[in-house]
Amino acid sequence: MNFKYTTNWCIVTGAPSSGKTSVINELARRGHKTENEVARELIELGLSKGKSLEDIRREAATLQRGILEVALAREMALDPNDLVFMDRGLPDSIVYFKLAGLDGLEARASSMLFRYRAVFIFDRLPLEKDAVRSEDDPLAEKIDRMLEEEYSSLGY
């Protein structure tokens with residue numbers, strides 16, 4: 001694999017409700033530099049503007065393109081030498097593009113920019129619904145499997 005930049009960043013990823021955000025929050029509490037999940041932030045922003053979760057999810061293609069755009073801009077602004085723990089990485093977008101019925105090539109090209117120091121794919125835990133999570137168990141299982149396949153195909 002030919003990545004444009006080698007980084008010192010660590011990705012924490014996995015299926016919905018696998019504990020990613022809890023771990024990221026704890027790492028931040030302990031003084032580590034962290035980046036929150038873009039999808040959660042964009043969904044919460046939409047909810048704060050009066051949209052329903054169903055409305056936001058119905059516009060899946062627009063949402064996924066927005067997530068990739070914001071995530072890419074965030075990573076471009078980071079120093080590759082800094083140790084940063086991120087709640088999801090660019091390759092997550094490949095999976096979510098496919099689930100939204102989009103071609104994953106744009107997300108895959110973005111995923112080739114940065115080589116992460118480490119990727120931690122968390123095991124699934126019992127699915128807990130919250131204000132921004134709409135997946136069910138079969139979809140969470142599919143996401144888990146797809147994440148492992150995509151990160152593995154990129155050499156992680």
Side-chain angles (χ1 to χ4, degrees), residues 7 9-30 32-75 78 84-114 116-156:
T7 73
W9 310 335
C10 299
I11 302 302
V12 176
T13 191
S17 196
S18 60
K20 300 176 300 294
T21 302
S22 296
V23 168
I24 290 291
N25 290 342
E26 180 60 22
L27 287 165
R29 189 188 72 73
R30 292 181 182 205
H32 293 282
K33 185 170 183 168
T34 61
E35 290 290 333
N36 293 324
E37 182 182 11
V38 173
R40 179 168 287 276
E41 289 179 2
L42 291 181
I43 292 169
E44 287 173 348
L45 179 63
L47 293 172
S48 75
K49 291 182 176 181
K51 286 188 174 184
S52 71
L53 184 56
E54 294 75 28
D55 290 339
I56 294 166
R57 294 287 185 185
R58 196 174 6 264
E59 301 166 359
T62 301
L63 175 64
Q64 293 310 320
R65 286 188 179 104
I67 292 166
L68 179 61
E69 182 180 330
V70 172
L72 182 56
R74 276 191 188 174
E75 290 195 21
L78 291 172
V84 182
F85 294 91
M86 292 191 273
D87 192 334
R88 297 198 179 277
L90 291 172
D92 286 64
S93 285
I94 302 169
V95 171
Y96 286 94
F97 265 55
K98 289 179 178 180
L99 291 172
L102 299 169
D103 184 330
L105 290 179
E106 178 184 357
R108 190 164 194 58
S110 295
S111 298
M112 295 301 299
L113 290 174
F114 302 104
Y116 304 122
R117 175 181 176 181
V119 174
F120 301 95
I121 301 178
F122 284 19
D123 289 337
R124 286 190 60 227
L125 296 172
L127 194 63
E128 291 185 23
K129 296 282 185 179
D130 66 14
V132 302
R133 191 175 292 131
S134 62
E135 298 85 1
D136 58 16
D137 277 318
L139 181 55
E141 178 65 34
K142 183 176 183 176
I143 291 167
D144 183 57
R145 190 173 54 256
M146 290 174 74
L147 285 168
E148 289 186 21
E149 289 169 4
E150 293 301 339
Y151 275 96
S152 183
S153 76
L154 292 167
Y156 293 104

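As the structure is a computational prediction, the values presented were derived from the model and not from experiment.
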Trainee: Could you tell me whether the side chain of Lys51 reaches within less than 4.5 Å of the side chain of Glu59, counting heavy atoms only?
Mentor: yes
Trainee: Applying salt bridge (charged side-chain N to carboxylate O under 4.0 Å, His left out), name anything that partners Arg58, two or more places apart in sequence or on another chain.
Mentor: Asp55
Trainee: Using the test side chain to side chain contact (heavy atoms under 4.5 Å, CB included), find all partners of Val12 that sit at least two apart in sequence or belong to another chain.
Mentor: Lys20, Ile24, Phe122
Trainee: Testing the basics here: between Ala28 and Thr34, what is the closest heavy-atom pair and its distance to 0.1 Å?
Mentor: CB-OG1, 3.5 Å
Trainee: Report the C-alpha separation of Val119 and Thr13 in whole Å, then their side-chain angles, then the decisive distance to 0.1 Å, and conclude whether the side chain to side chain contact (heavy atoms under 4.5 Å, CB included) test is met.
Mentor: CA-CA 7 Å; Val119 174; Thr13 191; 4.2 Å; yes
Trainee: With sequence neighbours left out, what residues match Ala118 under side chain to side chain contact (heavy atoms under 4.5 Å, CB included)?
Mentor: Cys10, Phe120
Trainee: Of all the heavy-atom pairs spanning Ala15 and Ala140, show the shortest one and how long it is.
Mentor: CB-O, 3.4 Å
Trainee: So, taking the atom named CD1 in Ile143 and the one named CG in Asp92, what distance separates them when rounded to the nearest 0.5 Å?
Mentor: 10.0 Å
Trainee: Measure the spacing between CG of Leu72 and CG of Leu113 and express it to the nearest 0.5 Å.
Mentor: 6.0 Å
Trainee: In plain terms, say whether Asp87 and Arg40 are close enough for a salt bridge, that is, a side-chain N and a carboxylate O under 4.0 Å apart.
Mentor: no
Trainee: Side chains of Gln64 and Leu102: closer than 4.5 Å at any heavy-atom pair?
Mentor: yes
Trainee: About how many Å separate CG of Leu53 and CD of Glu44, when rounded to the nearest 0.5 Å?
Mentor: 11.0 Å
Trainee: Check the pair Met146 / Leu99 against side chain to side chain contact (heavy atoms under 4.5 Å, CB included), numbers first and verdict last.
Mentor: CA-CA 10 Å; Met146 290 174 74; Leu99 291 172; 3.9 Å; yes
Trainee: Taking the side chain as C-beta and beyond, is there a heavy-atom pair between Met112 and Leu154 under 4.5 Å?
Mentor: yes
Trainee: For Glu148, which residues count as a salt bridge (charged side-chain N to carboxylate O under 4.0 Å, His left out) partner, sequence neighbours excluded?
Mentor: none
Trainee: Restricting to side chain to side chain donor-acceptor pair (under 3.5 Å), what partner residues turn up for Glu149, sequence neighbours left out?
Mentor: none
Trainee: Going by ring pair (Phe, Tyr, Trp, His ring centres under 6.0 Å), name the pairs with one or both residues in residues 135-156, residues two or more places apart or in two chains.
Mentor: Tyr116-Tyr156, Tyr151-Tyr156
Trainee: Should Thr7 and Glu75 be marked as a side chain to side chain contact (heavy atoms under 4.5 Å, CB included) after you check the CA-CA gap, both sets of side-chain angles, and the distance that decides it?
Mentor: CA-CA 10 Å; Thr7 73; Glu75 290 195 21; over 6 Å; no
Trainee: Under the side chain to side chain contact (heavy atoms under 4.5 Å, CB included) rule, collect the residues that match up with Glu69, sequence neighbours excluded.
Mentor: none
Trainee: Considering non-hydrogen atoms only, spot the tightest contact between Ala100 and Ala61 and give its length.
Mentor: CB-N, 4.3 Å
Trainee: With sequence neighbours left out, what residues match Glu35 under side chain to side chain donor-acceptor pair (under 3.5 Å)?
Mentor: none
Trainee: Tell me if a side-chain donor or acceptor on Arg65 pairs with a main-chain N or O of Ala60 at a distance below 3.5 Å.
Mentor: no
Trainee: Between OG of Ser110 and CG of Leu68, what distance do you get to the nearest 0.5 Å?
Mentor: 4.5 Å
Trainee: Nearest 0.5 angstrom please: Ser18 OG to Asp123 CG, how far?
Mentor: 8.5 Å
Trainee: May I have the step-by-step check of side chain to side chain contact (heavy atoms under 4.5 Å, CB included) for Glu41 and Asn36, ending in yes or no?
Mentor: CA-CA 8 Å; Glu41 289 179 2; Asn36 293 324; 3.2 Å; yes
Trainee: For a 4.5 angstrom cut-off between non-hydrogen side-chain atoms, does Arg88 reach Ile67?
Mentor: no
Trainee: Ignoring hydrogens and geometry, is there a side-chain-to-backbone donor-acceptor pair from Asn25 to Ser22 under 3.5 Å?
Mentor: no
Trainee: Side chains of Ile56 and Leu47: does their closest heavy-atom pair fall under 4.5 Å?
Mentor: yes
Trainee: How would you list, by chain and number, every residue that makes a side chain to side chain donor-acceptor pair (under 3.5 Å) with Lys98, sequence neighbours excluded?
Mentor: Glu150
Trainee: Not counting sequence neighbours, which residues clear salt bridge (charged side-chain N to carboxylate O under 4.0 Å, His left out) with Glu26? List them please.
Mentor: Arg29, Arg30
Trainee: Could you list all the ring pair (Phe, Tyr, Trp, His ring centres under 6.0 Å) pairs where at least one residue sits in residues 92-114, not counting sequence neighbours?
Mentor: Tyr5-Phe114, Trp9-Phe114
Trainee: What residues form a side chain to side chain donor-acceptor pair (under 3.5 Å) with Ser153, not counting sequence neighbours?
Mentor: Arg108
Trainee: If I take atom CD1 from residue Ile121 and atom OG from residue Ser152, how far apart are they, to the nearest 0.5 angstrom?
Mentor: 8.0 Å
